[in-house]
Amino acid sequence: MPRTVTSAQVVNIADLRLLAQRRLPRAAFEYIDGGADGEVTLRENCRVYDDVALRPRSAVVAKSVELRTSVLGTELALPVLLGPVGSCRMFWPRGEAAASCAAGAAGTVYVLSTLSGTRLEEVKAASRGPCWYQLYLCGGREVALAAIARAKTAGYSALVVTIDTPVAGLRERDFRNGIKELLSGRPLTMLPFVWQFLARPRWLAAFLVDGGLMNFPNIVLPEGPMPYADVGAALEQSATSWEDLRWIRDAWGGPIVIKGVHTADDARRAVDAGASAIVVSNHGGRQLDGVAPTLRVLPEVVAAVGGRVEVLLDGGIRRGGDVVKALCLGARAVLVGRAYAYGLGAGGEAGVARAIEILRADLARTLKLLGCPSVRELDASYVSVPPHWHRESL
Ligand SMILES: Cc1cc2nc3c(=O)[nH]c(=O)nc-3n(C[C@H](O)[C@H](O)[C@H](O)COP(=O)(O)O)c2cc1C
């Protein structure tokens with residue numbers, strides 16, 4: 001196995017995943033890797049790309065291919081954004097700043113989760129590219145309004161509202177690894193689970209130097225930043241409804257991206273609620289297990305929206321070929337979660353940069369092999385989908 005993220009033997013995202021597994025304590029690695037319940041949606045999100053076949057145009061010579069596109073009017077070097085991933089500081093010191101720095105250097109957007117361990121101002125300052133802020137209503141309306149105001153002042157250019165988290169999904173691996181006990185703060189309760197950290201002394205040293213168990217500096221309650229242990233209860237008390245979108249929109253005053261859309265009906269509702277873009281997402285299979293993989297529902301959502309707003313997709317993207325298939329089926333761009341979180345866990349900023357570079361190189365090569373000069377020219381004529389996809393869409 002390669003030893004570092006820059007090794008020539010790191011050729012795909014699965015290699016970064018293995019490096020992350022080797023460096024991180026089990027609880028942290030499985031927090032990234034796992035999904036809800038039986039992990040059916042998690043597996044399907046990835047597998048569904050195998051159902052879609054590419055249809056190349058041969059003998060087309062494209063010496064260089066164009067990967068640039070725009071999302072919400074912002075020019076991006078490639079149609080891949082880094083989606084919101086909570087608790088990045090568990091994977092690398094100041095993990096959110098490391099990831100935003102890599103995203104900015106690669107010419108793409110970093111989306112910062114509300115549930116991050118680094119101050120939103122520091123994360124924005126670390127990037128020379130655009131950043132978006134992902135909002136949960138943890139702590140209630142006043143707390144969210146304060147975060148919105150800070151994000152605006154810091155220069156975040158869009159607000160991502162995640163609507164698929166009325167409660168946290170049941171991540172069985174987290175239970176088995178004792179996440180609840182580890183966050184209890186009670187030494188005797190924590191004791192049976194601390195071996196995971198002792199087995200990774202280098203990670204542990206870096207984690208402690210970075211400040212140890214974090215709180216959430218962007219969720220500022222009257223008594224101070226929200227402690228880590230309170231996150232489950234906070235999510236349950238802060239489900240976002242369509243009515244909330246009205247005051248969120250008024251407070252933000254800029255583009256809103258609604259993340260967590262699965263159906264044509266919700267897509268139309270999001271457009272009516274004033275979204276500038278939507279993300280077809282099932283939270284990477286971490287919330288409601290058993291929902292369809294995102295690529296499968298993308299065509300239905302794209303048809304429902306009818307070009308009124310931009311449609312993005314996330315879930316299961318591990319290769320540039322996956323990005324190509326999503327773009328062919330109507331996504332303007334994709335977000336990745338685990339693909340870069342593995343890189344962050346494996347090697348911090350360099351690991352995230354490597355993850356983006358792997359996807360970028362895959363994309364360029366796939367476009368050349370397809371005989372398509374630009375990501376903007378990808379359409380349904382470059383893929384074939386199983387016949388029942390057409391029948392079920394009628
Ligand atoms: C470790 C982890 C933490 C996440 N935290 C958040 C979050 O705080 N907010 C959010 O909207 N989505 C969150 N997500 C979901 C991602 O934004 C994205 O929807 C998902 O990871 C896409 O699937 P993929 O991991 O297969 O790319 C998280 C995903 C992971 C893997």
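Sequential numbering from 1 along the given sequence is applied to the chain's residues. In this text, all values refer to a predicted model and were calculated from it rather than measured experimentally. Order of listing sets the numbers, starting from 1, for every ligand and every atom in it. These values consider heavy atoms only, across backbone and side chains, with no hydrogens, waters or symmetry-generated copies.
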| task | Evaluate the criterion salt bridge (charged side-chain N to carboxylate O under 4.0 Å, His left out) for residue pair E357 and R360; output intermediate values, then yes/no. | result | CA-CA 5 Å; E357 177 50 28; R360 197 200 60 73; 3.0 Å; yes
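- Contact of the L19 side chain with the Y342 side chain is not registered, since no non-hydrogen atoms from C-beta on lie closer than 4.5 Å.
- Q134 and T162 share a donor-acceptor pair across their side chains, judged by distance under 3.5 Å alone.
- Heavy atoms of N45 stay at 4.0 angstrom or farther from ligand 1.
- Contact annotation: the side chain of L112 approaches that of L120 to within less than 4.5 Å [non-hydrogen atoms, C-beta and beyond].
- Those atoms of ligand 1 that come under 4.0 Å of a heavy atom in R318, given as number and element, are 24 (P), 26 (O), 27 (O).
- Atoms of ligand 1 lying under 4.0 Å from at least one heavy atom of R338, given by number and element, are 23 (O), 24 (P), 25 (O), 26 (O), 27 (O), 31 (C).
- Those atoms of ligand 1 that come under 4.0 Å of a heavy atom in G284, given as number and element, are 19 (O), 20 (C), 22 (C), 23 (O).
- Close approach to S113 involves these atoms of ligand 1, each under 4.0 Å from a residue heavy atom: 7 (C), 8 (O).
- Taking every heavy atom of G315 and a limit of under 4.0 angstrom, the matching atoms of ligand 1 come to 22 (C), 23 (O), 26 (O).
- Judged by distance alone, the side chain of S100 and the main-chain N or O of Y110 form no donor-acceptor pair under 3.5 Å.
- Here is the list of ligand 1 atoms found below 4.0 Å of a heavy atom in S281: 19 (O).
- Looking at T162 against ligand 1, only its side chain comes within 4.0 Å, counting heavy atoms.
- Put simply, the side chain of L327 does not reach to within 4.5 Å of the side chain of Y382, judged on heavy atoms.
- In terms of modelled atom types and a separation under 3.5 Å, the side chain of D266 and the main chain of V261 share no donor-acceptor contact.
- Ligand 1 has no atom lying under 4.0 Å from any heavy atom of A339.
- The nearest protein atom to atom 14 (N) of ligand 1, hydrogens excluded, is given as P84 O, 3.2 Å; this is a heavy-atom distance.
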